[in-house]
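Naming: A, B, ... by sequence-line order, numbering from 1 per chain. Predicted model only: the values in this text are computed from it and were never measured.
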Number of protein chains: 2
Amino acid sequence: MATKEEYTIKSRIWIRTKNGAFLGFGRVALLKKIDEYGSISKAAADMKMSYKKAWELVNSMNSQHSSPLVIRKIGGKGGGGSVLSAAGKNAIKVFEDLAQKNDDFLNDRMKEIQFDDE
Amino acid sequence: MATKEEYTIKSRIWIRTKNGAFLGFGRVALLKKIDEYGSISKAAADMKMSYKKAWELVNSMNSQHSSPLVIRKIGGKGGGGSVLSAAGKNAIKVFEDLAQKNDDFLNDRMKEIQFDDE
DNA sequence: ATTCGTTATGTTTTCGAATAAATAACGGAA
DNA sequence: TTCCGTTATTTATTCGAAAACATAACGAAT
């Protein structure tokens, strides 16, 4: 015990409104999968997430933006499906960019720090 | 649904080693309470955390640093107690400083961004 | 040796979140 | 009008983490 260790910093960021979480890592990952498959159910299956959970997340995101991030179609050819709106695609881009910048910032700061002076 | 919203950014940071979590918000809060009370059990009670949980967190932190952050005394006058080492006090300072800088950074970036162009 | 309040540690119980299951609704196509 | 695979929604079940509980160990003081 108590040997000199190497420390790394981790972080999670998320964007919220007064009504709760809006975008986070999981939500953005879901958006990307929906974009890939054109289907909420396929996206959920791919992420090993229940369809119900995915549906709730989509609902939450859509209801917290002036226009829906995910456009859903019920019934019809192939049973329906879902696609991302321009706002949906933009949300992915903005969030990932912010997350990347934040990681860079933290890693830079971490270099300057040492806990363990031995 | 879908009215224009105000977005805020939140974040959590934590420091880890290859053995798992080392410092995070909860752990630092615990360190501060131990410093305040001179007792793990009193700190735990104040935080409405079980003593066992607090003890495990202290153990985890101590074992991931070259010298213990919390110095424990079993038995004796008053039954014993615990105090922070210099390393423990430093850990609080370093972590809180980093968290603050990160918050500032994110809030600045957030000002430049808008999701919702209406 | 007894007392005291703490640290130390194993065991049991509880609780809520996540998952799974079940069912309905939908609408284009054949 | 039947079929299809999706979205939509409610209800039931499972599971694991957290809390609660229970005891032991400790050592200075009296």
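At a threshold of 4.5 Å between non-hydrogen side-chain atoms, the residues B:Leu84 and B:Ile92 count as touching. Annotation: side chain of A:Met61 is in contact with side chain of A:Leu23 (closest heavy-atom distance under 4.5 Å). Residues B:Arg72 and B:Asn62 are in side-chain contact: their nearest non-hydrogen atoms beyond the backbone lie under 4.5 Å apart. Residues B:Tyr7 and A:His65 are in side-chain contact: their nearest non-hydrogen atoms beyond the backbone lie under 4.5 Å apart.
Between B:Lys32 and B:Glu36 there is no salt bridge, since no side-chain nitrogen of the basic residue lies less than 4.0 Å from a carboxylate oxygen of the acidic one. Salt-bridge annotation for A:Glu56 and A:Lys53: absent, with no side-chain N of the basic residue lying under 4.0 Å from a carboxylate O of the acidic one.
When the P atom of D:dT7 is taken as reference, atom CG of A:Asn62 falls 13 Å away, rounded to whole Å. Residue A:Ile74 contributes atom CD1, which lies 7 Å from atom C1' of D:dA8 at whole-angstrom precision. As a whole-Å value, the separation of B:Lys77 NZ from D:dA29 C1' is 9 Å.
Distances shown here put a side-chain N or O of A:Arg72 below 4.0 Å from the OP1 or OP2 atom of D:dA8. In this model, the phosphate group of C:dT6 is not approached by any side-chain N or O of B:Ser82 to a distance below 4.0 Å at OP1 or OP2.
If A:Asn59 and A:Gly78 are placed on DNA chain D by their nearest nucleotide, the residue sitting closer to the 5' end is A:Gly78.
Residues of residues 29-58 of chain B having a heavy atom closer than 4.0 Å to DNA chain C, listed by number: B:Ser39, B:Ile40, B:Ser41, B:Lys42, B:Tyr51, B:Lys52, B:Trp55.
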